[in-house]
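Letters go in sequence order (proteins before strands), and every chain restarts at 1.
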Protein chains: 4
Amino acid sequence: MKNNNILQLLMQYTKEGTQFTDKKQRIVLAAIELFAKKGYANTATSEIAKEAGVAEGTIFRHFGTKENLLLAILIPFIKHSLPQMADAIFEEVLAEKPKTIEEFVRALATERFMFFKENRDLFRIFIKEMIYHDELKNELISHISEHALSRIEQIIQDFQEKGEVIDIPAKILSRNIFTTLLGFFLSRFVLMSDNVFLDDQREIDYIVQIIVNGIKQ
Amino acid sequence: MKNNNILQLLMQYTKEGTQFTDKKQRIVLAAIELFAKKGYANTATSEIAKEAGVAEGTIFRHFGTKENLLLAILIPFIKHSLPQMADAIFEEVLAEKPKTIEEFVRALATERFMFFKENRDLFRIFIKEMIYHDELKNELISHISEHALSRIEQIIQDFQEKGEVIDIPAKILSRNIFTTLLGFFLSRFVLMSDNVFLDDQREIDYIVQIIVNGIKQ
Amino acid sequence: MKNNNILQLLMQYTKEGTQFTDKKQRIVLAAIELFAKKGYANTATSEIAKEAGVAEGTIFRHFGTKENLLLAILIPFIKHSLPQMADAIFEEVLAEKPKTIEEFVRALATERFMFFKENRDLFRIFIKEMIYHDELKNELISHISEHALSRIEQIIQDFQEKGEVIDIPAKILSRNIFTTLLGFFLSRFVLMSDNVFLDDQREIDYIVQIIVNGIKQ
Amino acid sequence: MKNNNILQLLMQYTKEGTQFTDKKQRIVLAAIELFAKKGYANTATSEIAKEAGVAEGTIFRHFGTKENLLLAILIPFIKHSLPQMADAIFEEVLAEKPKTIEEFVRALATERFMFFKENRDLFRIFIKEMIYHDELKNELISHISEHALSRIEQIIQDFQEKGEVIDIPAKILSRNIFTTLLGFFLSRFVLMSDNVFLDDQREIDYIVQIIVNGIKQ
DNA sequence: CATGAATGAGCGTTCATTCAT
DNA sequence: CATGAATGAACGCTCATTCAT
């Protein structure tokens, strides 16, 4: 779980294949912060420039349009970081060779919890902009299906064969695990205020328990 | 389950306590439709006026500002409709005197599924605008806590006393049921495309099964 | 020759079929003045607004875009005023039943001289914007061909039949008369400074003499 | 008629009296091409730089401002190339010792036709930019008067003395010849589309015939 | 000399809001 | 109450110009 911060991944994948320049990085960071805080539509490019300490024109020199700046944040994440992350997640989650379904769900929930905690800003941008941005929505959903759901499904099947998990189609179960976790993270990191919640570890414990009880044989 | 449509409820509760005039109603209906379709920020008041068949000035005569129009849609819903709805929900859910926790969860999930299905537009506005609108967020959360979570908690406790539900604090359980359902509805009605899903009844069946298995003794 | 001023004609032909409002008129007049003086590209909409004594937004309320404002000046002129003018020109020119080719050319040259003198601003806008605006160019040329050249050709043929005009195809002659006059007007009203020229009457006398000698039998 | 291309002349005359460097030449050539195609105002210096294969800064190192670049194209042409051209024109036109006014006009028309055909781009820049650029306009007109009109006038006088040309003041006749030719070239190379025209030779024949008939005794 | 990233004034355009009718 | 023309602040964006390298 060493590198959970997307921005570092983000920096590695640009059209040019080169590192972002200093100013470009500062623009991206300022944009993420402001988009997350106030939303894309309510953030003026002049504010981003001010926050980043560059001239407004510099934003357009690097990204062409404001929308491109948004996409320059989101698309590489979807296209490159997300699959790579999916690999990393399952590598890490499976590294400890979870023997029970509970160990697996706990590892997954913990890993994702930490991830969303660390990248709450980006997560918020995603959720907000996706709602009316079908292109992004479909792109993201197809990537999730391909890279995450299919793996969870496989793992569930393994546990089903061992008789540890109830006999509902693995496709359904995996989607419900995914949905349940997503709902939890949405409540936790997007919708609700922090003060509603207990400490992290107990939160994770409960959601794991709920999920696992829900699917255990 | 006779009156699931919020708009009719919405019309009955205004600050002034009077009925909305015809034009005011048309403005609210047009605004809801457009806010839901394109988002608050991307909807011009001129569009709302056109869609409602009134002059742009009329909107401002009635609501003062565009934001007030949004709040005039959301606040009464939260303040009046939501509690009333909560009453109605539990009245209805409990009307059939659910004998088991499963019957209760199924009744609740079904009722809310139908509700969100019918009011998807308003649901979307809520989610989207709440993300960066802390006032709304807190208002909504406190109402939910007060009117929904506390009742679920009470019911859970009853079932715990009967030994049907596991011995996790009822507060936690109820919040997890709530979160799980909300996550499901967010996926189902806000984030995902329709075509990802099975038919309604099977969707409900599975989410109920997951939740119930998760908390059954 | 009572109504040589295009703007009055311009005012009569709008999409709505109504008279321009006062502000709309002032915008059009200011735009013509500034476009003519400084060119379309070098005139800011803020300047037009200032000159017209309206808010900048008012321009866009009425015309949508800056280019539409240009076209709202030029297109009605081409589509409506120009054909109508062509009618008027030949009506007037032929009203005095010119017995000789010289009388005809003189009447035509005089009428057009006065016209361009009075509408020099609009003439300049036309010439300047047409140079790189093929749509306008083609529109104008086709209207001129249809409404002006064909009539001149007819009249030339009549004089050829009377043996007054040399036996070059009437099509060629008419285009050369047209071109010669146009060249004269371009030099006179667009390119050259006023001080290069003699008094109007002598200018007209000479150009007529040149043209007539050029085509007389 | 060996060297009709202005650009080569252009390259030889700069303020500094030195040869243009390679990069400077490439900038000028690119600018001429783009100014002619899209107009001065619609051509970005970045485009010129790209087309010329130099950095944008290089343009400003050489020319200081964009307007200076335009003037660096037009002024030397007016100051140096135009008089030199005038010499060359009349040298060439008179080389064949035109015995009749028709031979003279034909030689002049042919020479200029070929010239404008070959330098249509530059011609367009001139016309377009001159319209609102009084400095340029006056500069050009005074040079034309001095170097071209005065010579034509002289030649016309000669033919008048031989009784070949009508007895209108030579000043007027020469300006009318000039104007008629200019009008023809404007129509031919700036305003009209190519497809309106016949083949070059017949075009020339007719314009010559018109002019000559117009002034022949 | 040459570069090109950076600049920021100025542009066309949008739109919530006002107000005379 | 209702209207819709008018407003002007604020926006995204362009581009001639500068300057450190």
Side-chain angles (χ1 to χ4, degrees), chain A residues 21-24 26-27 40-50 52-69, chain B residues 21-24 27 40-50 52-70, chain C residues 21-24 26-27 40-50 52-69, chain D residues 21-24 27 40-50 52-70:
Chain A
T21 60
D22 175 50
K23 300 229 164 181
K24 203 167 177 180
R26 268 155 53 204
I27 291 167
Y40 172 78
N42 302 317
T43 304
T45 49
S46 59
E47 288 177 272
I48 298 170
K50 203 170 164 192
V54 302
E56 206 173 344
T58 308
I59 293 174
F60 292 93
R61 161 164 280 276
H62 284 299
F63 299 97
T65 66
K66 187 189 173 192
E67 178 154 25
N68 276 157
L69 172 57
Chain B
T21 61
D22 175 51
K23 299 224 163 181
K24 202 165 179 180
I27 291 167
Y40 172 78
N42 301 316
T43 303
T45 48
S46 61
E47 289 176 271
I48 298 171
K50 201 172 163 193
V54 303
E56 210 173 342
T58 307
I59 293 174
F60 291 89
R61 171 157 290 279
H62 281 298
F63 299 96
T65 68
K66 188 189 175 191
E67 177 153 25
N68 277 154
L69 172 56
L70 176 65
Chain C
T21 61
D22 175 50
K23 301 232 162 175
K24 201 166 179 179
R26 269 154 54 204
I27 291 167
Y40 172 78
N42 301 317
T43 304
T45 49
S46 60
E47 288 177 273
I48 298 170
K50 203 170 161 190
V54 302
E56 206 174 346
T58 307
I59 294 174
F60 292 91
R61 161 164 280 275
H62 283 299
F63 299 97
T65 67
K66 188 188 174 193
E67 177 154 26
N68 275 156
L69 172 57
Chain D
T21 61
D22 174 50
K23 301 226 162 180
K24 202 165 177 179
I27 291 167
Y40 172 78
N42 301 318
T43 303
T45 49
S46 61
E47 288 176 273
I48 298 170
K50 200 171 163 192
V54 303
E56 210 173 342
T58 308
I59 293 174
F60 292 88
R61 172 157 289 279
H62 282 298
F63 299 96
T65 68
K66 188 187 173 191
E67 177 152 26
N68 278 154
L69 171 56
L70 176 64

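When every heavy atom of N68(B) is checked against every heavy atom of F63(B), the shortest pair comes out as CB-O, 2.8 Å. Listed here is the closest heavy atom pair of K66(A) and Y40(A): NZ-O, 2.9 Å. For N42(A) against E47(A), the heavy-atom pair with the smallest separation is O-OE1, 3.7 Å. In plain terms, the two heavy atoms of I59(A) and A49(A) that are nearest each other are CD1-N, 3.6 Å.
Between K24(B) and dC1(F) there is no side-chain polar atom (N or O) within less than 4.0 angstrom of OP1 or OP2. Between S46(D) and the phosphate of dC15(F), there is no side-chain N or O to OP1/OP2 separation shorter than 4.0 Å. Between R61(A) and dA5(E) there is a side-chain N or O to OP1 or OP2 distance below 4.0 Å. Distances shorter than 4.0 Å separate some side-chain N or O of H62(B) from OP1 or OP2 on dA2(F).
Nearest to the side chain of T65(D), among dC15(F), dT3(F), dT17(F), sits dT17(F). Of the candidates dG12(E), dA16(E), dA6(F), the closest approach to any side-chain atom of E56(C) belongs to dG12(E). Residue K66(D) has its side chain nearest to dT17(F) when only dG12(F), dA16(E), dT17(F) are considered. Side-chain proximity of A44(A) to the nucleotides dC11(F), dA2(F), dA2(E) is greatest for dC11(F). Nearest nucleotide to the F60(B) side chain, out of dG8(E), dT18(E), dG4(F): dT18(E).
Atom C1' of dC1(E) sits at a distance of 13 Å from the matching atom of dT21(F), rounded to the whole Å.
The distance from atom CD1 of I27(C) to atom C1' of dT7(F) is 12 Å, rounded to the nearest whole Å. Per the geometry, CZ belonging to F63(D) stands 14 Å off P belonging to dT3(E), to the nearest Å. Taking atom CD1 of I59(D) as the reference point, atom C1' of dC19(F) lies 16 Å away to the nearest angstrom. Spacing between atom CG of N42(D) and atom P of dC11(E) amounts to 15 Å, rounded to whole angstrom units. Here dG12(E) presents its P atom at 14 Å from CG of N68(C), a figure rounded to the nearest Å. Distance NZ (K50(B)) to P (dC15(E)): 13 Å, rounded to an integer number of Å. The distance from atom CG of L69(B) to atom P of dT17(E) is 10 Å, rounded to the nearest whole Å.
Side chains of E56(A) and T45(A): a donor on one and an acceptor on the other come within 3.5 Å.
Where V54(C) and T45(A) meet DNA chain F, the nucleotide closest to each residue was compared, and V54(C) sits on the side nearer the 5' end. Each of E67(A) and A41(D) was assigned the nucleotide of DNA chain F with the nearest heavy atom; the assignment lying further toward the 5' end belongs to E67(A). Residues G64(B) and T58(C) each lie close to DNA chain E; by heavy-atom proximity, the contact nearer the 5' end of the strand is made by T58(C).
Searching all strands for a Watson-Crick or G-U wobble partner of dC11(E) with both distances below 3.5 Å returns dG12(F). Pair assignment for dC1(E) gives none, since no Watson-Crick or G-U wobble pairing has each distance under 3.5 Å.
With R26(C) contributing its side chain and G53(C) its backbone, the two residues share a donor-acceptor pair below 3.5 Å.
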